[in-house]
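When a residue number appears, it is its place in the shown sequence, counting from 1. In this text, all values refer to a predicted model and were calculated from it rather than measured experimentally.
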Amino acid sequence: MSKETFSMQFAGRTLTVETGQVAKQANGAVVVRYGDTTVLTAATMGKMSLGDFFPLTVNYDEKYYAAGRFPGGFMKRESRPSTDATLTARMIDRPIRPMFAEGFRNEVQVINTVLSYDPDCVPQMAAMLGSSLALTISDIPFDGPIAGVQVGYIDGNYIINPTKIQKEKSLLELTVAGTEVAINMVESGAKELSEDIMLGALMAGHEAVKELVAFQKEVQAAVGKVKAEVDLLHVNEDLKAEVIVAHNAELKVAVKNPDKLQREADTRAVKNKIVAEYESRFAEDENLDLIIRDLYEILEQMEHAEVRRLIIEEKIRPDGRALDEIRALDAQVDFLPNNIVHGDGLFTRGQTQAHSTLTLAPMSDTQIIDGLDPEHKKRFLHHYNFPQFSVGETGRYGAPGRREIGHGALGERALEQVLPSLEEFPYAIRLVADVWESNGSSSQASICAGTLALMAGGVPIKAPVAGIAMGLISDGEQYTILTDIQGLEDHFGDMDFKVAGTRDGITALQMDIKIQGINEQILREALAQAKIARMQILDVIEEAIPEPRKHLAPSAPKIESFRIAADKIRLVIGKGGETIQGITADYEVQIDLTEDEQGGLVAIYSNDQAKIDAARRAIEEIIREAKVGEVYDAKVVRSMDSAVFVNLFGKTDARVHISEMAWGRTSKVDDVAKVGDSVKVKVTKISDKGIDASMRELTEKPEGYVEPERKPRFGNNDRAARRDGDHKFQQRDRKPSSTFSEISSKKPD
């Protein structure tokens with residue numbers, strides 16, 4: 001096939017897709033060009049798997065050359081995916097997975113490679129479009145296309161695929177994906193926006209998605225392949241009918257037990273009994289393995305059907321709750337001693353329990369993010385762990401998987417919206433959420449536990465945040481929305497819609513569905529139901545701890561921060577960094593000095609407040625400036641014929657002319673002040689030539705005193721005055737040799 005090119009204008013930029021030139025051995029491949037962003041997507045299909053899940057793999061690979069950058073580290077090549085790349089791969093997987101037929105078990109891989117990177121033309125959305133289009137034009141049985149867009153919210157307007165500058169101004173960071181008829185994936189962080197604004201953003205995003213779906217259909221009509229016929233995993237219908245008649249009644253009884261562990265035990269016992277019966281009955285049959293495989297699938301389908309029937313028809317949930325009822329809630333702080341950890345919270349919802357631990361650190365400990373964007377620091381980290389014991393099982397332990405990374409990122413977005421600014425609270429902040437029990441919605445429990453930990457640790461958050469997971473059971477004609485779904489409802493349900501926020505608005509959304517999409521009405525009802533639940537959870541959190549504590553834990557590093565003028569940064573750093581390093585060592589503190597548009601922000605860290613205070617005084621002495629009218633206890637450091645020079649503070653000196661030393665005539669300066677004497681002076685003038693001060697203005701003027709006439713100071717015969725006239729002597733020996741960016745503060749050895 002020769003190269004084919006298709007273009008459209010989308011969100012103010014040119015979108016072009018090409019196929020037929022590269023990666024031609026894949027089942028389907030496209031190159032997506034959006035602005036100056038270029039992404040290559042290749043989709044391939046393998047043989048059928050006999051497992052109990054669809055083996056779909058979606059990768060998103062960032063190449064450093066795409067941004068004209070060298071990789072970091074010693075190896076100087078790309079290694080494992082970054083957190084952002086992992087989240088992007090997961091985000092593309094979620095809307096694609098429901099678009100394959102039930103029983104499809106062929107292995108499918110979708111590989112996205114970022115070839116060039118334009119920060120104003122999001123490669124993530126180009127990769128999602130490429131993934132859908134590569135599958136759509138291939139012979140892989142894919143019931144697409146789908147598409148996704150990012151949505152911002154600025155000054156009351158929704159912005160599709162906002163630029164980098166627009167994202168910085170936006171109150172919303174939303175990714176929405178779907179088909180031409182419905183939304184099937186949502187990922188969002190928001191600045192406490194209302195349900196109506198969020199719903200409007202979702203629908204605005206879906207309208208843009210429809211444009212991209214229509215574009216893909218045009219491409220498919222021109223170059224699409226005929227879909228291959230593949231075998232779907234089907235069970236023996238006669239066997240299914242037999243098992244339902246014989247055993248459905250006893251399985252129904254087991255499913256209704258409200259206790260998760262007992263329900264699982266009862267259900268497992270029924271299934272084991274049925275399997276043992278058929279293993280004995282067909283022991284000599286050469287197809288025994290196939291029969292048992294079908295039997296397990298049939299029993300899963302029976303349990304699935306009964307759970308859904310109870311909810312849709314009888315409005316009965318497995319644990320007996322009302323459809324909008326939350327499980328029992330409990331919130332606790334100080335589970336761990338606060339003289340060791342910096343803050344912690346334990347949150348329990350039914351049989352789901354999460355513990356969150358807070359750690360505060362100097363800003364120098366922030367995570368450095370090295371990716372396609374310029375290297376930058378990440379101040380807030382939220383990590384999520386899901387050990388196998390939380391569900392009463394054994395399993396692999398190792399590096400966090402995509403699920404753990406995704407849940408951690410969701411909690412991070414939800415809580416980041418209420419954190420104090422760096423100027424208000426100049427700490428790096430890390431929360432670690434450990435799930436100790438799980439029966440659904442553990443990610444939202446981790447958000448609640450994180451709120452408790454932040455408030456217990458004295459972080460002045462703007463408002464507490466709570467999260468709730470909403471579910472959906474739909475048979476195509478009628479649907480039921482569930483509040484606070486548990487594990488069984490998530491497993492057999494059609495939607496997992498997570499909503500986190502404060503009393504004033506939503507801070508994060510995440511939605512995954514197993515059907516091909518949901519409409520505006522379902523979204524509206526789910527958001528309204530979630531708001532009611534969120535308020536109930538916030539009541540419990542605020543009962544445990546009504547507001548952030550006024551003081552940090554004794555174990556937390558103490559900090560003091562203050563701003564300095566931009567032109568003083570070099571003075572604080574000093575030549576080769578010697579000044580700031582000297583203060584760090586002398587006072588046994590850690591100093592972070594960051595530069596921004598407002599100047600410099602100095603943060604001093606120590607566990608000893610006295611050392612912080614002393615280090616701050618040392619820095620303030622360096623940057624201190626004299627002001628007209630201020631009085632100083634000064635020391636005479638130099639004497640001339642017609643003036644003395646006094647040190648006001650630090651390296652700042654002033655001149656006191658002989659005429660300003662006393663009322664009346666002074667014959668010799670040494671008659672009033674000698675080198676080494678301490679004198680009190682008042683600053684009278686500051687100019688580009690230096691600082692003038694007076695001693696006599698601090699003494700009482702004699703009654704009837706008349707100022708004597710003086711000769712011009714710069715007469716031909718007044719050599720002493722001329723010699724003393726130019727006194728640019730301030731800020732002595734201060735010129736540093738290194739720039740701010742070259743020097744960083746160091747901890748003392």
Q: Start with the C-alpha distance between Lys378 and Glu412, add both sets of side-chain angles, then the distance that settles salt bridge (charged side-chain N to carboxylate O under 4.0 Å, His left out), and finish with yes or no.
A: CA-CA 11 Å; Lys378 187 175 181 181; Glu412 194 169 281; 2.7 Å; yes

Q. Gln521 and Glu525: side-chain hydrogen bond (donor to acceptor under 3.5 Å, both in side chains), yes or no, with the steps?
A. CA-CA 6 Å; Gln521 182 61 29; Glu525 290 182 28; 2.8 Å; yes

Q) Please walk me through it: do Lys169 and Asp155 pass salt bridge (charged side-chain N to carboxylate O under 4.0 Å, His left out)? A) CA-CA 9 Å; Lys169 299 177 182 177; Asp155 298 330; over 6 Å; no

Q | Full working for side-chain contact (heavy atoms from CB on, under 4.5 Å) between Asp344 and Val333 | A | CA-CA 6 Å; Asp344 76 303; Val333 296; 5.8 Å; no

(Q) Lys558 vs Tyr605, test: side-chain contact (heavy atoms from CB on, under 4.5 Å). Steps then yes/no. (A) CA-CA 6 Å; Lys558 296 176 177 60; Tyr605 304 83; over 6 Å; no

Q. Between Val307 and Ile311, does a side-chain contact (heavy atoms from CB on, under 4.5 Å) hold up when you go through it step by step?
A. CA-CA 6 Å; Val307 170; Ile311 292 173; 4.2 Å; yes

Q | Working for side-chain hydrogen bond (donor to acceptor under 3.5 Å, both in side chains), residues Thr483 and Gln529 | A | CA-CA 7 Å; Thr483 294; Gln529 207 163 306; 2.9 Å; yes

Q: Step by step, work out the side-chain contact (heavy atoms from CB on, under 4.5 Å) result for Glu437 and Phe389.
A: CA-CA 8 Å; Glu437 281 190 71; Phe389 67 75; over 6 Å; no

Q: Under the side-chain hydrogen bond (donor to acceptor under 3.5 Å, both in side chains) rule, what do Gln486 and Asp490 come out as? Steps first, then yes or no, please.
A: CA-CA 6 Å; Gln486 58 181 315; Asp490 185 9; over 6 Å; no

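Under the 3.5 Å distance criterion, the side-chain polar atoms of Thr86 are matched with a main-chain donor or acceptor of Ser82. In terms of modelled atom types and a separation under 3.5 Å, the side chain of Ser356 and the main chain of Ala453 share no donor-acceptor contact. Side chain of Gln166 to backbone of Thr163: a donor-acceptor contact under 3.5 angstrom is found. Proximity of a side-chain donor or acceptor of Thr451 to a complementary backbone N or O of Val465 within less than 3.5 Å is detected. A donor-acceptor contact shorter than 3.5 Å links the side chain of Thr352 to the backbone of Gly440. Judged by distance alone, the side chain of Asn338 and the main-chain N or O of Ala553 form no donor-acceptor pair under 3.5 Å. Remark: the backbone N or O of Ser438 is not paired with any side-chain donor or acceptor of Ser442 at under 3.5 angstrom. Gln262 places no side-chain N or O within donor-acceptor distance of the main-chain N or O of Asp259, the cut-off being under 3.5 Å. Under a 3.5 Å cut-off, the side chain of Asp504 and the backbone N or O of Glu192 do not form any donor-acceptor pair. Glu325 contributes a side-chain N or O that, together with a main-chain N or O of Ala322, makes up a donor-acceptor pair within less than 3.5 Å.
The 12-atom threshold is exceeded at NZ of Lys315, counting heavy atoms of other residues, nucleotides or ligands nearer than 6.0 Å. Atom CD of Glu173 sits in a sparse spot, with 12 or fewer heavy atoms from other residues, nucleotides or ligands closer than 6.0 Å. In the displayed structure, Glu543 atom CD is contacted under 6.0 Å by at most 12 heavy atoms of other residues, nucleotides or ligands. Other residues, nucleotides and ligands contribute more than 12 heavy atoms inside 6.0 Å of the NZ atom of Lys514.
Taking the six-membered ring for Trp and thresholds of 30 and 60 degrees, Phe380 and His382 have ring planes inclined between 30 and 60 degrees apart.
In this structure, the side chains of Glu542 and Ile545 stay at 4.5 Å or more apart for every pair of heavy atoms. Between Thr507 and Lys191 there is no side-chain heavy-atom pair separated by less than 4.5 Å. Met198 places a side-chain heavy atom less than 4.5 Å from the side chain of Ile506. Between Val149 and Thr175, every side-chain heavy-atom pair lies at or beyond the 4.5 Å cut-off. Counting only heavy atoms from C-beta outward, the side chains of Arg97 and Leu56 approach each other to under 4.5 Å. Side-chain atoms of Ile619 and Arg616, non-hydrogen and from C-beta on, never get closer than 4.5 Å to each other. A heavy-atom distance below 4.5 Å is found between the side chains of Leu552 and Phe425. Within the 4.5 Å cutoff, the side chain of Phe386 has no heavy atoms near those of the Asp434 side chain.
For residues 152-178, the pairs satisfying ring-ring contact (aromatic ring centres under 6.0 Å, His included) are Tyr153-Tyr158, with sequence neighbours left out.
Rounding to the nearest 0.5 angstrom, the gap separating the CD1 atom in Ile522 from the CG atom in Leu472 is 5.0 Å. From Met495, atom CE reaches atom OH of Tyr479 across 10.0 Å, with rounding to the nearest 0.5 Å. With rounding to the nearest 0.5 angstrom, the CD1 atom of Ile183 is 9.0 Å from the CG atom of Asn519.
The shortest heavy-atom contact between Pro362 and Ala428 is O-CB, 3.6 Å. Of all non-hydrogen atoms in Ser443 and Leu410, the two that sit nearest each other are OG-CD2, 4.0 Å. Scanning both residues, Leu538 and Arg503, for their nearest heavy atoms gives CD1-CG, 3.5 Å. In this structure, Glu303 and Val255 approach most closely via the heavy-atom pair CG-CG2, 3.9 Å. In this structure, Ser606 and Val589 approach most closely via the heavy-atom pair CB-CG1, 3.9 Å. In plain terms, the two heavy atoms of Gly493 and Ile473 that are nearest each other are CA-CD1, 3.4 Å.
In terms of the salt bridge (Lys or Arg N to Asp or Glu O under 4.0 Å) criterion, Arg430 has no residue partners (sequence neighbours excluded).
Across Val122, Asp120, Ile154, a single residue satisfies side chain to side chain contact (heavy atoms under 4.5 Å, CB included) together with Lys167, and that is Val122. Tested against Phe497, the residues Ile513, Asp512, Leu523, Ile481 include a single side chain to side chain contact (heavy atoms under 4.5 Å, CB included) partner, Leu523. With respect to Glu489, the salt bridge (Lys or Arg N to Asp or Glu O under 4.0 Å) criterion is satisfied by exactly one of Arg317, Arg327, Arg308: Arg317. Applying side chain to side chain contact (heavy atoms under 4.5 Å, CB included) to Pro318 and the options Lys260, Lys256, Arg263 leaves one that passes, Arg263.
Look at Asp334 and Arg549 and you find a salt bridge, because one of the NZ, NE, NH1 or NH2 atoms lies within 4.0 Å of a carboxylate O, short of that distance. Checked for salt-bridge contact, Arg524 and Glu520 meet the test: a charged N lies under 4.0 Å from a carboxylate O. Between Asp496 and Lys498, at least one side-chain N (NZ, or NE/NH1/NH2) sits under 4.0 Å from a carboxylate O, which counts as a salt bridge.
Close placement of the His355 and Phe335 rings is indicated, their centers lying within 6.0 Å of each other.
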